[in-house]
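So the structure is just underneath, and the comments pick up after that.
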Amino acid sequence: MARIGVLTSGGDAPGMNAAVRAVVRKAISSGLDVSGIKRGFAGLFDSDEFVDPGMDSVADIIHRGGTILLTARAPEMFQPENQDKAAERLKAEGIEGLVIIGGDGSFQAARCLEQRGIRTIGIPGTIDNDINGTDLTIGFDTAVNTILEAINRLRDTATSHERIFIVEVMGRDSGHIAMASGLAGGAESIVVPEMKYDIEVICRRLIRGIECRKSHSIIIVAEGAADVYELDKEIRKRIETETRVTVLGHIQRGGSPNAVDRLLGSRMGSMAVDLLNEGKRGLVTVARGQSIVPVPLTECLQDKKPFAEDLYELAATLAR
Ligand code: F6P
């Protein structure tokens, strides 16, 4: 193999740049040419979206959030004729192997390119941590720490006014971020798409907190699980107390990646190039405990990542 490509796709995540840097530098040091493809899969349909990062172009990016390659969601990749076009474009550019840094949707596109003869290696990059088969995705740890920082700040004002705060965090289809930040942030209740919630239980817990003279309470809600403003209304109907809603939004996706995400990006990016050099394909680099290992792309795509119900229960127990 003489040339490989790398792209970032879907929602950006802190640590993607560390992965791009590792792919580019490892490729060049092992004698491969490497092309960066801008704006994810969308870049494959545009004549000007290829860049050729040399060693220097990835200097000074390991600490930066976002992705220097830019990213996009590319619904056009779900159409077979566009998948054909994308594979043809890669072949025309002489790209035999492609490293795809992204989430679930990006890996579905990877599978389509695999079926069309492109050697693909996936690197899980999404703040959602919702890829089956990996303990961690690039960006999750930084995002959870960003949320914890926000919760700490909210606690100051919540305590001063003795208020209840309902905090919406990201996670359209999954509650891993909500669960981790709720447990680590000492939230009284956590609302996630994976688990049914009962407004009466939430309110009973809030009332118990008021009776125990708790200075404030925090409810963490994954964006896909409930409408925070509706939840607020329901709570106000049942409890005479002051509440406030905070939607953290895209603040959670930005910022300098922490050590965990820089290490993940560096190790996974390096392994992705090793795998292509060894002639391997259709794999994803995943985190298992302290190790990074390759698993088949199909394993990541076949099931939804299990939700850690035990940790969810633990959060409820510890919130007393
Ligand atoms: O990348 C994942 C994610 O941040 C989800 O948690 C969130 O639901 C979604 O992306 C938001 O997407 P967009 O930035 O396209 O609004």
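Counting starts at 1 for both ligands and their atoms, in listed order.
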(message) Can you see whether Q108 engages D104 through a side-chain donor-acceptor pair at a distance of less than 3.5 angstrom?
(response) yes

(message) Under a plain distance cut-off of 3.5 Å, with no hydrogens placed, do R236 and T243 share a side-chain donor-acceptor pair?
(response) yes

(request) May I ask you to identify the nearest protein heavy atom to atom 4 (O) of ligand 1, giving residue, atom name and distance to one decimal place in Å? (result) R253 NH1, 2.9 Å

(request) Note the single closest protein heavy atom to atom 6 (O) of ligand 1, along with its residue, its atom name and the distance in Å. (result) D128 OD1, 2.6 Å

(request) Hey, could you give me the OG/CZ distance between S270 and R21, rounded to the nearest 0.5 Å? (result) 11.0 Å

Do any N/O atoms on [X] end up under 3.5 angstrom from N/O atoms on ligand 1?
X    : value
G171 : yes
H250 : yes
T126 : no

(request) Taking all heavy atoms of D261 and all of G139, pick out the closest pair and write down the distance. (result) OD1-N, 2.9 Å

(request) Give the single entry among R172, E223, M170, R73 that approaches atom 10 (O) of ligand 1 most closely by any heavy atom. (result) R73

(message) Looking at R64 and S256, would you say the former's side chain and the latter's main chain have a donor-acceptor pair under 3.5 Å?
(response) no

